Structure formats: C-alpha cells, structure tokens
Amino acid sequence: AQTVTQSQPEMSVQEAETVTLSCTYDTSENNYYLFWYKQPPSRQMILVIRQEAYKQQNATENRFSVNFQKAAKSFSLKISDSQLGDTAMYFCAFTPVGSNYKLTFGKGTLLTVNP
Amino acid sequence: NAGVMQNPRHLVRRRGQEARLRCSPMKGHSHVYWYRQLPEEGLKFMVYLQKENIIDESGMPKERFSAEFPKEGPSILRIQQVVRGDSAAYFCASSPLDGGNTIYFGEGSWLTVV
C-alpha cells in the first residue's frame, strides 16, 4: 500500500516571498505519478503541477516548481513570489502508472499568504 | 468546455434519509471517479465507473453506498440511511477515453447529516 505524508499541517508566508511545502511518500512501485492539488476556500480541487517518476527533470508551472528526489521519495512544492490568491490547502498525491485514477492523498498543508 | 459538474453543491439530510449526488463528466470524458473527503483529511478514492460498468469499487463502504453511471445521464452516488459519519465532501472526477494520466475534479458536493 502507498502512503503520502505531509508533515506541515500549517504554514504561512509573506506576500512576494518564497515558500516550500514538503511531501514524502512510500511505495514499492517504480513507475508512478505525483501531483500537487490546491484547495482554496471555495473547496474546489485544482491541479497545480504533475510529475512523472521516470522523468528526472523537475516539473515547473509558472511560479510553481517541484523538487523531486526519487531515491529519497520526496516531492516538495516551491511557490515563488507568493500571492494572496495562493492561500489554500495544498495536497500532495500519488498514483501508480496503470491505475492512475486511484490517487492516494496526504492530509494537506494549509498555506496562508500574509499581506 | 465545461468542467466536471456536480450537484447539489450542498445537501442536508436527516439521519436515516437517502442522499443522491450527481456528476456530469467533462465533455469527451467517459471515465468517472468518486472520492470522499472527511473533515481534516485528504480525499480518498471510492469508486471508478465507465458507462454502465463499475470498474473498481474497492474504496466503497460495503453497505448503504452505491454508484452508477447509466448510458444516458449523469453518474449518481447514492447513500441510503445516512448517518452522521457520512457528513463529508464528495468529489467527482473524470478523465478522457484513453485514460490519460490526469483526472479532473469537480467542485464537490457537501453532505451534512443532522
């Protein structure tokens, strides 16, 4: 069974600064996908970024980037130039290739961006 | 292109009543998934459906819960004889015919059992 651990229940950052959210996972699979989802106060689940485990290059989407360390089973999210609209719960998720619908989520990190 | 549509967004039921949650996948998507988010938790997989077929229901509670995705119309998650512990957000997601490697979530339906 896979597990996803987010060790930071809450974090805060000043507007325009950079923040890193941590995520570790445990799996015996070799091929899998990792995701970060954002859940703002509206409670919608929004895909932020996706990483394929077979790709060594870290994924980047505008101000969002990841630090994927496969050997360490670590998948952290870096948010640069934080904006007030980034305030949300952030969930890390894992799914093995072949059953990509069956995501395993962490418990989330509540990020607050302060003006 | 409309996203995954769920209704109702909020539903209040008394203990013992039935709850029905509906989900229309994104246009062109034929795979539907239901997830549940309990308070203070991440989402947990419940069931995977294609048209008229349940593909994987390994996350569904054994009793009172059922799901369907008929040939015509939305997918429905049905909870019979609701209890307070069923209070949660229920998210539907969908993906394209070829499966792909990303699923897209709807905005969720919040069930409150009083």
Side-chain angles (χ1 to χ4, degrees), chain A residues 1-10 21-26 29 31-55 59 61 75 77 88-111, chain B residues 2-10 23 25-26 29-50 53-60 67 69 75 88-112:
Chain A
Q2 294 89 18
T3 59
V4 176
T5 302
Q6 294 179 247
S7 58
Q8 306 150 315
E10 295 186 34
L21 309 183
S22 301
C23 172
T24 58
Y25 58 94
D26 189 22
E29 302 282 344
N31 294 319
Y32 47 86
Y33 300 105
L34 294 160
F35 304 84
W36 279 98
Y37 280 89
K38 168 184 176 181
Q39 189 176 44
S42 67
R43 314 282 294 267
Q44 184 179 2
M45 291 293 288
I46 301 167
L47 177 65
V48 175
I49 201 164
R50 181 185 70 206
Q51 174 81 41
E52 291 91 346
Y54 64 87
K55 288 186 177 179
E61 288 287 341
F75 183 60
L77 175 70
M89 281 290 286
Y90 286 82
F91 292 97
C92 178
F94 165 100
T95 187
V97 171
S99 57
N100 56 288
Y101 57 89
K102 213 166 184 177
L103 280 73
T104 299
F105 283 83
K107 289 192 174 185
T109 296
L110 177 60
L111 175 67
Chain B
V4 178
M5 305 299 292
Q6 291 189 244
N7 70 83
R9 291 295 310 279
H10 300 277
C23 169
M26 288 178 70
H29 288 193
S30 59
H31 303 247
V32 166
Y33 320 93
W34 286 93
Y35 280 73
R36 178 166 67 174
Q37 184 180 28
L38 294 170
E40 312 295 323
E41 298 281 332
L43 279 69
K44 286 186 166 52
F45 168 79
M46 298 179 75
V47 63
Y48 163 28
L49 309 108
Q50 293 179 17
N53 284 306
I54 297 175
I55 308 302
D56 182 349
E57 57 181 347
S58 58
M60 286 281 269
F69 189 16
S75 174
Y90 293 84
F91 285 88
C92 176
S94 71
S95 65
L97 183 62
D98 64 359
N101 53 29
T102 299
I103 65 174
Y104 298 88
F105 285 92
E107 295 184 333
S109 291
W110 271 262
L111 172 65
T112 301

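Predicted, not measured: the structure shown is a model, and the values here were computed from it.
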Spacing of [X] atom [atom1] and [Y] atom [atom2] [to the nearest 0.5 Å]:
X: F91(B); Y: Q39(A); atom1: CZ; atom2: CD; result: 4.5 Å
X: I103(B); Y: Y33(A); atom1: CD1; atom2: OH; result: 13.0 Å
X: T104(A); Y: F45(B); atom1: OG1; atom2: CZ; result: 10.5 Å

What part of [X] lies closer than 4.5 angstrom to a heavy atom of chain B: side chain, backbone, both or neither?
X: S42(A); answer: backbone
X: Q6(A); answer: neither
X: Y101(A); answer: both

Quiz item: Is it the side chain or the backbone of Q37(B) that comes within 4.5 Å of chain A heavy atoms, both, or neither?
Solution: side chain
Quiz item: Does atom NZ of K107(A) have more than 12 heavy-atom neighbours, drawn from other residues, nucleotides or ligands, at distances under 6.0 Å?
Solution: no
Quiz item: Taking everything shown except Y104(B) itself, do over 12 heavy atoms lie less than 6.0 Å from its OH?
Solution: no
Quiz item: Can you tell me if Y35(B) uses its side chain to pair, donor with acceptor, with the backbone of L103(A) under 3.5 Å?
Solution: yes
Quiz prompt | Test applied, side-chain contact (heavy atoms from CB on, under 4.5 Å); reference residue, E107(B); option that passes from M45(A), Q44(A), R43(A) | solution = Q44(A)
